[in-house]
Amino acid sequence: MAKRIEVKDLDIYYDKFLAVQGVSMTIQPRSVTALIGPSGCGKSTFLRTLNRMHELVPGARVDGKVFMDDEDLYGPGVDPVSVRRQIGMVFQRPNPFPTMSIYENVAAGIRLNGGRMKKSELDDVVERSLRSANLWAEVKDRLNRPGSGLSGGQQQRLCIARAIAVQPGVLLMDEPCSALDPISTQAIEDLMLELKTDYTIVIVTHNMQQAARVSDVTGFFNLRGVGQPGELVEIDETTKIFSTPSNKATEDYISGRFG
Ligand SMILES: Nc1ncnc2c1ncn2[C@@H]1O[C@H](COP(=O)(O)OP(=O)(O)O)[C@@H](O)[C@H]1O
Ligand SMILES: [Mg+2]
């Protein structure tokens with residue numbers, strides 16, 4: 001189920017603006033890969049190219065290749081909607097469907113995918129997804145209440161439950177804890193460590209301690225200067241990046257000298 005991602009020589013544009021240049025990396029299944037780097041270096045932009053959300057911005061495009069296992073995600077005839085189904089995404093601000101119940105929020109992922117299930121099957125998937133997102137115990141007695149009534153941390157776990165209900169091959173998370181308090185942050189970090197046994201997880205974080213705590217591999221993005229494209233400076237085992245990085249800029253960044 002968990003899929004490998006392989007990126008080859010990816011350039012990412014907004015119209016004529018080259019936002020990110022020349023990224024190549026392999027993201028291993030059943031692991032957490034963290035992407036770090038100063039604001040504006042293209043971490044979010046890069047993440048959104050992995051499930052073809054980037055091109056939703058008018059004029060936005062890429063050059064280069066992204067493979068999920070052996071499938072060329074930008075190949076001819078590939079339906080971007082189907083790519084987005086298989087590669088789920090969780091955002092900085094939890095975004096449950098506000099008028100829907102907790103139950104319907106989780107079921108929505110399956111319904112949007114055109115899945116037809118008997119009520120009892122759907123009940124099972126909803127429960128399993130909420131359990132996997134470590135939310136079941138807190139919501140099992142109020143599944144028909146609005147998702148918007150939950151705390152921020154619970155809403156974020158609801159969004160994770162919605163994303164994993166469809167059993168995606170890869171789960172992308174863009175600063176999923178940056179709007180949360182420390183206790184909710186800890187709950188999401190614990191959850192990532194549990195989910196990585198079944199999923200491929202890529203997380204963007206501006207919190208280096210978080211990257212060090214949750215990830216197996218860390219990629220450092222940087223900008224050479226204002227108006228220059230972002231680039232992947234180095235990617236390696238997280239312990240290596242945070243102890244003996246190969247690049248001076250990585251060392252300066254992780255020791256807090258800039259960014
Ligand atoms: N929708 C957009 N249209 C045009 N430029 C954008 C858009 N989103 C981001 N950018 C630009 O792309 C670059 C990378 O931004 P972003 O991916 O948000 O960086 P990060 O997530 O690392 O802070 C920045 O120069 C930013 O201004
Ligand atoms: Mg960002």
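Both counts, for ligands and for their atoms, begin at 1 and track the order of listing. Owing to the predicted nature of the structure, the values given are computational and were not obtained by experimental measurement.
Looking at P146 and P98, their side chains never come closer than 4.5 Å, going by heavy atoms from C-beta outward.
Looking at atom 8 (N) of ligand 1, its nearest protein heavy atom turns out to be Y14 OH, 3.2 Å. The protein heavy atom nearest to atom 17 (O) of ligand 1 is T45 OG1, 2.5 Å. In this structure, atom 18 (O) of ligand 1 lies nearest to the protein heavy atom S44 CB, 4.1 Å.
Close approach to G42 involves these atoms of ligand 1, each under 4.0 Å from a residue heavy atom: 14 (C), 16 (P), 17 (O), 19 (O), 20 (P), 22 (O).
Heavy atoms of other residues, nucleotides or ligands lying less than 6.0 angstrom from CG of D70 number 12 at most. The environment of CD1 in I183 is sparse: at most 12 heavy-atom neighbours from other residues, nucleotides or ligands sit within 6.0 Å.
Looking at E104 and R111, a side-chain N of the basic residue comes within less than 4.0 Å of a carboxylate O on the acidic one, giving a salt bridge. Under the 4.0 Å criterion applied to side-chain N and carboxylate O atoms, D216 and K196 are assigned as salt-bridge partners.
Protein heavy atoms are absent from the 4.0 Å sphere centred on atom 26 (C) of ligand 1.
Within the cation-pi definition used here (under 6.0 Å to the ring centroid, within 45° of the axis), R145 does not qualify as a partner of Y103.
Protein N/O/S atoms found under 2.8 Å from the Mg ion (ligand 2): S44 OG.
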Starting from the C-alpha separation in whole Å, work towards a yes-or-no answer on side-chain hydrogen bond (donor to acceptor under 3.5 Å, both in side chains) for K240 and T218.
CA-CA 9 Å; K240 167 93 167 48; T218 297; over 6 Å; no
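In terms of N/O distances under 3.5 Å, ligand 1 is approached by G40.
Within the 4.0 Å heavy-atom criterion, the part of F17 lying near ligand 1 is the side chain and not the backbone.
Y14 and H54 have perpendicular rings, their planes meeting at more than 60° on a 0 to 90° scale where under 30° would count as parallel.
In summary, the side chains of D123 and S120 do not present any donor paired with an acceptor at a separation below 3.5 Å, with no hydrogens or angles considered.
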